[in-house]
Amino acid sequence: MNISVIGVGYVGLVTGTCLAEIGHHVTCLDIDQGKIKQLNQGLSPIYEPGLEELLQHNLSKQTLSFTSSYQAACKEAEVIIIAVGTPSNTDGSADLSAIKNAAEKIGAYVRHTDTIVVTKSTVPVGTNKKIKAWVSSNLKQNVQVMIASNPEFLREGSAIHDTFNGDRIVLGTDDSKAASKLQEMLKPFRVPILHTSIESAEMIKYSSNAFLATKISFINEIANLCEKLGANVEDVAKGMGMDQRIGHQFLNAGIGYGGYCFPKDTNALVQMAGNLHHKFDLLESVIHVNAKQQVKLVEFAKKHMKEIKGKTAGILGLSFKPNTDDIREAASIEIINALLKAGVRVTVYDPVSQDKVKLLLGDSVSYAEDCFAAIEDQEMLFIATEWEEFKVLRLSTIAKLMKTPNVFDGRNCFSLHEAKKTTMNYYSIGRPAVMNHCTEKERV
């Protein structure tokens with residue numbers, strides 16, 4: 001099929017590249033001409049394992065192309081996928097301005113009879129009906145446009161794998177012809193397809209992300225209680241997860257969720273509920289718990305070190321999770337800002353997202369060339385992202401490198417058994433602190 005993808009952000013680029021990989025001819029459009037030039041050279045503007053190789057492979061096969069022209073993207077497209085951003089407004093609702101603009105442009109330039117417009121962007125329930133109206137009111141040709149919702153469930157850092165090995169594909173449409181054609185388009189992925197109404201598909205996306213966010217905030221509250229009771233949240237989570245009704249996934253205590261989707265979608269769902277005069281108490285608590293959890297390590301430092309003003313700190317990990325360069329809503333940024341406000345001198349390191357942090361924070365922090373440079377001579381060390389290169393470090397090595405080894409591990413990367421063998425103070429989430437009362441003089 002001839003497919004066009006409008007919006008070459010994270011979702012659009014992965015979607016378009018993978019559709020080309022299974023044999024479709026895909027044209028991806030973005031208004032950022034610099035990004036389009038970069039992509040046509042085979043260079044991915046985002047970090048995602050395996051994506052750039054797949055991008056180059058399909059460019060060479062000429063099954064994938066990039067343009068900033070709506071006319072070029074829409075004139076022969078049988079299916080047009082909208083994958084533009086829907087960021088949060090100040091009240092938490094979804095900003096649909098990019099969706100509206102894309103729909104109006106599609107209406108103006110679509111030429112193929114029986115075109116299907118598919119919404120991949122995360123949008124509030126009822127948006128697809130608006131999209132159909134926006135497209136229809138701008139049609140210049142006598143063509144029939146069908147509408148469908150196909151929400152994405154990709155995890156940053158494993159998006160290629162998830163595309164080809166997903167749990168399900170949700171396909172919401174009220175048109176049987178569109179459903180049949182889209183099922184044929186997606187069949188090569190060999191992923192189970194759930195057919196629903198458009199409204200149900202829209203709701204599934206928000207509900208899924210909200211539930212996962214709830215699970216994260218729940219285990220973090222259990223972790224906070226474990227700290228006060230002397231229990232170990234890892235043992236608690238393991239015991240909980242053995243119950244098949246609960247499962248192990250998303251029961252890793254830490255410093256909260258971040259990224260683009262969870263914060264945006266939880267806020268949007270609360271806003272949607274509010275518009276219907278329904279107070280979503282549970283989800284409001286989830287959001288509140290997460291906000292507190294993101295700065296928990298700084299509270300640890302203030303409590304256990306008494307005075308942190310004038311001290312030095314290293315931050316390991318800046319992206320909101322491993323294997324991505326995404327720093328949106330990352331706990332690391334909240335930690336850094338809290339430390340800077342407290343008068344701490346901060347040095348940061350991340351294997352892939354450092355340049356993005358430089359654009360955000362400028363020279364307010366120092367940037368290390370590797371993890372060892374971020375650790376050396378520090379009085380405090382904060383682990384904000386569980387990159388594999390951090391997890392393979394030895395705590396004994398970290399202790400020797402630091403001026404005063406006070407380690408605040410927000411992702412529980414190390415075992416308490418290993419921490420007890422070192423001359424460091426080690427604080428983690430939901431587990432007993434290891435207090436070796438190390439001082440610089442004793443270490444020397």
Chemist: Strictly distance-based, threshold 3.5 Å: is any side-chain N or O of S121 a donor or acceptor partner for the main-chain N or O of V123?
Modeler: no

Chemist: Report yes or no: do N224 and K296 form a side-chain donor-acceptor pair below 3.5 Å?
Modeler: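 A donor-acceptor contact under 3.5 Å links the two side chains.
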
Chemist: Does the side chain of P351 reach to within under 4.5 Å of the side chain of F390, using non-hydrogen atoms?
Modeler: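 P351 reaches F390 side chain to side chain.
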
Chemist: Between Y349 and Q354, do the side chains contain a donor N or O and an acceptor N or O under 3.5 Å apart?
Modeler: no

Chemist: Check whether the side chains of S319 and D326 place a donor and an acceptor atom closer than 3.5 Å, and report yes or no.
Modeler: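 Looking only at side-chain atoms, D326 and S319 do not form any donor-acceptor pair under 3.5 Å.
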
Chemist: Under a 3.5 Å distance rule, please check whether S137 uses its side chain to pair with a backbone N or O of A133 as donor and acceptor.
Modeler: yes

Chemist: If we ignore angles and hydrogens, is there a donor and acceptor under 3.5 Å between the side chains of S353 and D350?
Modeler: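 Yes, D350 and S353 have a side-chain donor paired with an acceptor closer than 3.5 Å.
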
Chemist: What orientation do F300 and Y427 show, parallel under 30°, tilted 30 to 60°, or perpendicular over 60°?
Modeler: tilted

Chemist: As an exercise, state the distance from CD1 of I429 to CZ of F408, rounded to the nearest 0.5 Å.
Modeler: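 Spacing of CD1 (I429) from CZ (F408) equals 10.5 Å.
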
Chemist: Can you list every pair that meets side-chain hydrogen bond (donor to acceptor under 3.5 Å, both in side chains) and has a residue in residues 237-257, with sequence neighbours left out?
Modeler: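 Applying side-chain hydrogen bond (donor to acceptor under 3.5 Å, both in side chains) to every pair that reaches into residues 237-257, excluding sequence neighbours, yields D243-R245.
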
Chemist: Roughly how far, to the nearest 0.5 Å, is the OG1 atom of T122 from the CD atom of E202?
Modeler: 10.5 Å

Chemist: Quick check against the 3.5 Å criterion: does N40 have a side-chain atom that pairs as donor or acceptor with the backbone of F66?
Modeler: yes

Chemist: Go through the steps for F414 and I383 under the test side-chain contact (heavy atoms from CB on, under 4.5 Å), then give the verdict.
Modeler: CA-CA 10 Å; F414 301 98; I383 303 174; 3.5 Å; yes

Chemist: Run Q183 and I169 through side-chain contact (heavy atoms from CB on, under 4.5 Å) and show every step you take.
Modeler: CA-CA 10 Å; Q183 180 165 327; I169 293 172; over 6 Å; no

Chemist: Evaluate E234 against R431 for salt bridge (Lys or Arg N to Asp or Glu O under 4.0 Å), listing each step before the verdict.
Modeler: CA-CA 8 Å; E234 290 184 331; R431 305 187 297 177; 3.2 Å; yes

Chemist: Does NZ or CZ of K75 come closer than 6.0 Å to the centre of the six-membered ring of Y109, within 45° of the ring's axis?
Modeler: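 Checked: cation-pi criterion not met.
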
Chemist: Under 6.0 Å from the six-membered ring centre of F153 and within 45° of its axis: does the NZ or CZ of K205 meet both?
Modeler: yes

Chemist: Could you verify whether a donor N or O on one side chain and an acceptor N or O on the other, from E156 and T324, lie under 3.5 Å apart?
Modeler: yes

Chemist: With a cut-off of under 6.0 Å to the ring centre and 45° to the axis, is K264 in cation-pi contact with F262?
Modeler: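 No cation-pi geometry.
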
Chemist: So, does E227 use its side chain to make a donor-acceptor pair with the main chain of G430 at under 3.5 Å?
Modeler: yes

Chemist: Just checking, is any N or O donor in the side chain of W134 or N101 under 3.5 Å from an acceptor N or O on the other one?
Modeler: no

Chemist: State whether a side-chain donor-acceptor pair under 3.5 Å links S197 with S200.
Modeler: yes

Chemist: Going through the distances and angles, do E184 and M1 end up as a side-chain contact (heavy atoms from CB on, under 4.5 Å)?
Modeler: CA-CA 10 Å; E184 190 66 24; M1 294 182 189; 4.2 Å; yes

Chemist: Side chains of S93 and D91: do they bring a donor and an acceptor to under 3.5 Å?
Modeler: yes

Chemist: With side-chain contact (heavy atoms from CB on, under 4.5 Å) as the criterion, how do I22 and M185 come out once you've worked through the C-alpha distance, each side chain's angles and the decisive distance to 0.1 Å?
Modeler: CA-CA 9 Å; I22 62 173; M185 179 186 85; over 6 Å; no

Chemist: Classify the side-chain pair T63/N58 by whether it contains a donor and acceptor separated by less than 3.5 Å.
Modeler: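 Present: a donor and an acceptor within the cut-off.
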
Chemist: So does N2 get a backbone contact from the side chain of E78, meaning a donor-acceptor N/O pair under 3.5 Å?
Modeler: yes

Chemist: Can you tell if the side chain of Q141 reaches within under 4.5 Å of the side chain of V110, non-hydrogen atoms only?
Modeler: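 They are not in contact (no side-chain heavy atoms under 4.5 Å apart), so the answer is no.
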
Chemist: Would you find more than 12 non-hydrogen atoms of other residues, nucleotides or ligands less than 6.0 Å from K61 atom NZ?
Modeler: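 More than 12 heavy atoms, drawn from other residues, nucleotides or ligands, come within 6.0 Å of this atom.
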
Chemist: For K279, enumerate each residue passing the side-chain hydrogen bond (donor to acceptor under 3.5 Å, both in side chains) test, keeping only those at least two apart in sequence or located in another chain.
Modeler: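 Only D281, E284 meet the side-chain hydrogen bond (donor to acceptor under 3.5 Å, both in side chains) criterion with K279.
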
Chemist: Under 3.5 Å, is there a donor-acceptor pair between the side chain of N89 and the main chain of G92?
Modeler: no

Chemist: So how far is it from L55 CG to T17 OG1, rounded to the nearest 0.5 Å?
Modeler: 5.5 Å

Chemist: Using the ring of each side chain (for Trp, its six-membered ring), is F164 parallel, tilted or perpendicular to F189, with breaks at 30° and 60°?
Modeler: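 Geometry flag for F189 against F164: perpendicular rings.
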
